[in-house]
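These notes concern the structure reproduced below.
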Amino acid sequence: MDGILIDIGHSQEGDQSYIDLYIRGKKLEVIHEAFDPYFYFDGPKPAGGGIKKAEKEGKWWKVTVASPSDVPKVREQLKKQGSIYEFDIPYTQRFLIDRDVVPLKPYHWQEGGGRVKVSEANVPYAPTTVAFDIETYNPRGMPDAEMDPIVMISTYGKSGRVYTWKDIRLPFVKSYSSEKGVIEAFLKDTSEDIIYTYNGDNFDLPYLKKRMEALGISEDTLGKVSIRAGMRGMKARIAGRTHFDVYRGMMFLARIGALKLPRYTLEDVYKEFTGKEKLDIDTKYLWKIWDSGTREQLEELATYSFQDAEATYELGEHLLPLYTALSQMINQMPFDVSRMSSSQVVESLLMKMAFKRGEHFPNKPGEGQFKARVNKPVKGAFVRQPKPGLHNDIAVLDFRGLYPSIIISHNIDPSTLNAEGCSSYYKAPTGQRFCKDRIGLIPEMLKRVTGKRAKIKVLLKKEKEGTRRWKQLYAEQQALKIAANSTYGYMNFARARWYSHDCAEATTAWGRKYIKQAAAEAEKRGFKVIYGDTDSVFLLRGGKSKGEVMKFLADYNDSLPEEMELEFEGFYPRGIFVTKKGGIAAKKRYALIREDGQVEIKGLEFVRRDWSQLAKKTQQQVIQLVLEGKAEEAKQLVRDMIGRVRRGEVPLDDYIIKTQLKRNIGKYASTGPHVRAAMRLKEAGEDVKKGAVIEYIVVEGAGKIGDRSYPVRILGSRKPDKEYYISHQLLPAVMKILSELGVTQGELLGEGKQTGLWRWAPGE
DNA sequence: TACCAGAGGAG
DNA sequence: AAATCCTCTGGTA
């Protein structure tokens, strides 16, 4: 049979455990595969209840049990007599690693003798996909699945529709007589392999399951829905399918830094990826529309719901190639992968590699060990003191994949660290020695990952952008990049199996050594180095040509280990490095202009969300003008803006300051302005929790800033404090830049027009 | 003026 | 459920 693996489960017959492989070929088939749960034991010959078999494998016992649920009690018994290993690898995940079965990959599956054989098959089979979204009746705020019905279910995919139990006459709406009719029709029609939801783990699926129970609807047509508590909220699994929660996927991208948004609502994320706005209704009053809405309102509700399903589908399709690639890279189901952290991805990859190398996995740390690791910080990167002011003709160079390349080049691994009796060693600046005789697990993994990624990038260049093949290759290199970039963090992650404080220390120490060395070599060539952070060097070309920069790069790279490379990042005609309060140049805060006029701003107020648009937009314009050499225009712009603020010509939105609540209101030791604003929101009856981004304005009046910080939504007739915004937002942001050119605040405020501002304007 | 708590960006 | 380096504001004494 040819097909792809879309889900994996487990069943039991007597004392034999089976893996259930859900294979989608022409139709969905389930293959039962006998597979014994096992773990390792170092101690006397194991005996006792629950043990099916114990045989010596190397120096340890391989202990086989009848069922995965037997593992906990057997391991607790044996733990008293010796050491146990690999006892906490989930049964189905263990199967995928051991048999090297790759999810969603076309195979020829051959059953026989109780053991399925997989071989490459060239069936061009792609999983079918659909998105769904439910709307619920909510007269008391949050709907209660015990009593509040589902009023609508929308689906979107190859086909799509809205199922509802009111008479709504739109082409994509199908009306039924009851909630039960709606759910049953939805279940009957929905047979796709991959089901996308937006936050379905925490809402749509648990809610649907409860409604099905309440209405006595069987799960058979969909597949058994199981809701389990995970580390980060609920996980909703549908047997025989892949439930892909797009919201989870987006949060993963956010955590690894591939996506950065102020909020991750479906509307916001959809706009970010597609540029399209979708119809948004205030779902707080959904129940009112359902009870007594006009025909138009009900149609709008159906349209909104349908668009939610469509947006979820589009985003799901966008993410699927990446999750397929990640899934295939580590031999784990997309369901699990989409709910992993980047460290879990790395760990899965290491387990797969370790199994191939015939090595055992270290155990996860206990709580005591975990705490000890957390309390052992690792010294990080080197940041060079910048040369402040305006500079011309800057060249930026940076190390490609600095930490991964260092780990490979110096064979940094827990197994090579200070290993005894090796013929030679790499010596870290911190004193650790890494054996050269045999490649370590982590360097080997990284070498394969970076090597494969380089090959894929070559293929990618030959492919036409946007094609199916291109998307697949792009996703594959993206998955490999995620693995490579997360590996250093993984080594230093306190819960990691392959944690090593010394390996992490050595890696960053070599990083500091190389970046300083690169700067020193550039200086030897006659370049002036003005800045550098972690893996980058900023040079002044001075009178030298671009060719001389490239020549320096080539020569310096010849001196580096093979896997390491200092790359050319770009030439910048101008750049400005600003000075901080104390009078010295600030690290991590600068702006550059590219040869094509594109401005890049780092660390300054403009890129920070906790500054008002007034300050941010003006700073951006000032930076642009200054880098274009138009300082006088920049000064005039600021004078004009001050005038507009004073005359009340600036829109209210430009005064909004956004700050995230990092903890719940009661947990703050000191209450800053955003906390005060959040407290006011709460008094007004809003649900304000940790994670909320508080939008507030500092209004006119007396007292501390906090006394005058009001959330936009309950602003009423209060007016922004113009002088606060001039002296504490606008001026600090623009003076950062202009004071580098010798401009004073007085020049901007206008001679002779002394105002009360002078007394409390921030000093220079 | 010195210090702390808190937020958020860079790489 | 990655870790570190760094800046800056507002509040307090």
Side-chain angles (χ1 to χ4, degrees), chain A residues 230-233 251-252 255-257 260 262 339-347 364-365 370 373-374 376-386 396 398-403 482 485-497 499 501 504-505 507-508 511-512 515 531-538 569 578-582 584-590 600-612 615 657-663 667-678 691 693-694 698 703-709 724 727-729 732-733 736 762-763:
Chain A
M231 299 295 185
R232 282 179 289 266
M251 294 314 285
F252 175 77
R255 282 199 307 279
I256 64 169
K260 213 166 90 67
R339 289 156 181 83
M340 281 180 179
S341 66
S342 56
S343 277
Q344 285 173 302
V345 170
V346 172
E347 190 153 284
K364 284 184 184 170
F370 166 72
R373 289 176 176 187
V374 167
K376 218 170 162 193
V378 169
K379 194 171 174 202
F382 170 71
V383 187
R384 197 180 169 94
Q385 186 61 52
V396 178
D398 54 24
F399 280 98
R400 171 176 47 75
L402 179 66
Y403 290 170
I482 289 169
N485 287 348
S486 309
T487 301
Y488 161 73
Y490 172 81
M491 284 200 308
N492 200 9
F493 170 46
R495 297 229 187 261
R497 288 176 193 272
Y499 167 91
H501 177 267
E505 286 266 68
T507 305
T508 54
R512 293 189 296 272
I515 200 65
Y531 185 56
D533 183 351
T534 311
D535 56 2
S536 63
V537 197
F538 291 54
E569 202 276 320
V578 303
T579 305
K580 59 177 175 170
K581 271 262 163 61
I584 30 173
K587 295 172 176 177
K588 300 180 188 283
R589 284 177 191 213
Y590 59 91
E600 291 172 16
I601 303 176
K602 302 289 179 185
L604 294 166
E605 285 71 11
F606 172 68
V607 300
R608 297 180 63 92
R609 75 165 172 207
D610 54 353
W611 280 75
S612 64
I657 296 167
K658 298 177 186 179
T659 312
Q660 190 178 31
L661 224 44
K662 294 283 205 180
R663 50 187 83 173
K667 299 276 184 192
Y668 279 93
S670 67
T671 48
H674 74 295
V675 184
R676 294 291 298 277
V693 176
I694 307 300
V698 177
K704 290 178 292 197
I705 305 305
D707 298 336
R708 300 186 277 126
S709 58
Y724 167 83
S727 64
H728 286 75
Q729 291 275 325
K736 265 271 175 51

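Here is the naming used below: chain letters follow the sequence lines, and residue numbers restart at 1 for every chain.
As a whole-Å value, the separation of A:D535 CG from C:dT4 C1' is 14 Å. A:K588 places its NZ atom 9 Å from the P atom of C:dC5, with the value rounded to the nearest Å. Between the P atom of B:dA10 and the CG atom of A:N485 lies a distance of 17 Å, rounded to the nearest Å. Rounded to whole angstrom, the span from the OH atom of A:Y403 across to the P atom of C:dT4 amounts to 11 Å. When the C1' atom of B:dA10 is taken as reference, atom CG of A:D398 falls 13 Å away, rounded to whole Å. One interatomic measurement links the two molecules: CD of A:E600 to C1' of B:dG9, which rounds to 15 Å at whole-angstrom precision. The interatomic distance linking A:K580 (NZ) with C:dT9 (C1') rounds to 15 Å, in whole Å. Following rounding to the nearest Å, A:M491 (CE) and C:dA2 (C1') show an atom-to-atom distance of 12 Å.
A:G706 comes within contact range of the sugar-phosphate backbone alone, with a heavy-atom separation under 4.0 Å but no base atom that close. A:G380 comes within contact range of the sugar-phosphate backbone alone, with a heavy-atom separation under 4.0 Å but no base atom that close. Across all strands, A:F399 comes closer than 4.0 Å to no nucleic acid atom at all (heavy-atom distances).
A sub-4.0 Å separation between OP1 or OP2 of C:dA3 and a side-chain N or O of A:K379 is absent. Between A:Y590 and C:dT7 there is no side-chain polar atom (N or O) within less than 4.0 angstrom of OP1 or OP2.
For the pair A:P377 and A:K704, nearest-nucleotide mapping onto DNA chain C gives the more 5' position to A:P377. Position along DNA chain C of the nearest nucleotide to A:I256 versus A:A585 favours A:I256 as the more 5'-ward residue.
When the salt bridge (Lys or Arg N to Asp or Glu O under 4.0 Å) test is applied to A:K587, no partner is found at least two apart in sequence or on another chain. Shown here are the salt bridge (Lys or Arg N to Asp or Glu O under 4.0 Å) partners of A:R608, two or more places apart in sequence or in another chain: A:D610.
Remark: A:R676 engages A:D707 in a salt bridge, criterion side-chain N to carboxylate O under 4.0 Å. A:R497 has a carboxylate O that lies under 4.0 Å from a charged side-chain N of A:E347, or vice versa, which qualifies the two as a salt bridge.
Among C:dC8, C:dT4, C:dG10, the nucleotide with an atom closest to any side-chain atom of A:A586 is C:dC8.
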Quiz prompt | Sequence-aligned protein contact record of nucleotides 3-8 of chain B, with B where the base is within under 4.0 Å of a protein heavy atom and S where only the sugar-phosphate is | solution = --SSBB
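Note: A:S536 OG to A:L402 CG = 10.0 Å, rounded to the nearest 0.5 Å.
The aromatic rings of A:Y490 and A:F493 are tilted relative to each other, their planes meeting at an angle between 30° and 60°.
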Quiz prompt | Evaluation steps, side chain to side chain donor-acceptor pair (under 3.5 Å), between A:Q660 and A:R609 | solution = CA-CA 9 Å; A:Q660 190 178 31; A:R609 75 165 172 207; 3.1 Å; yes
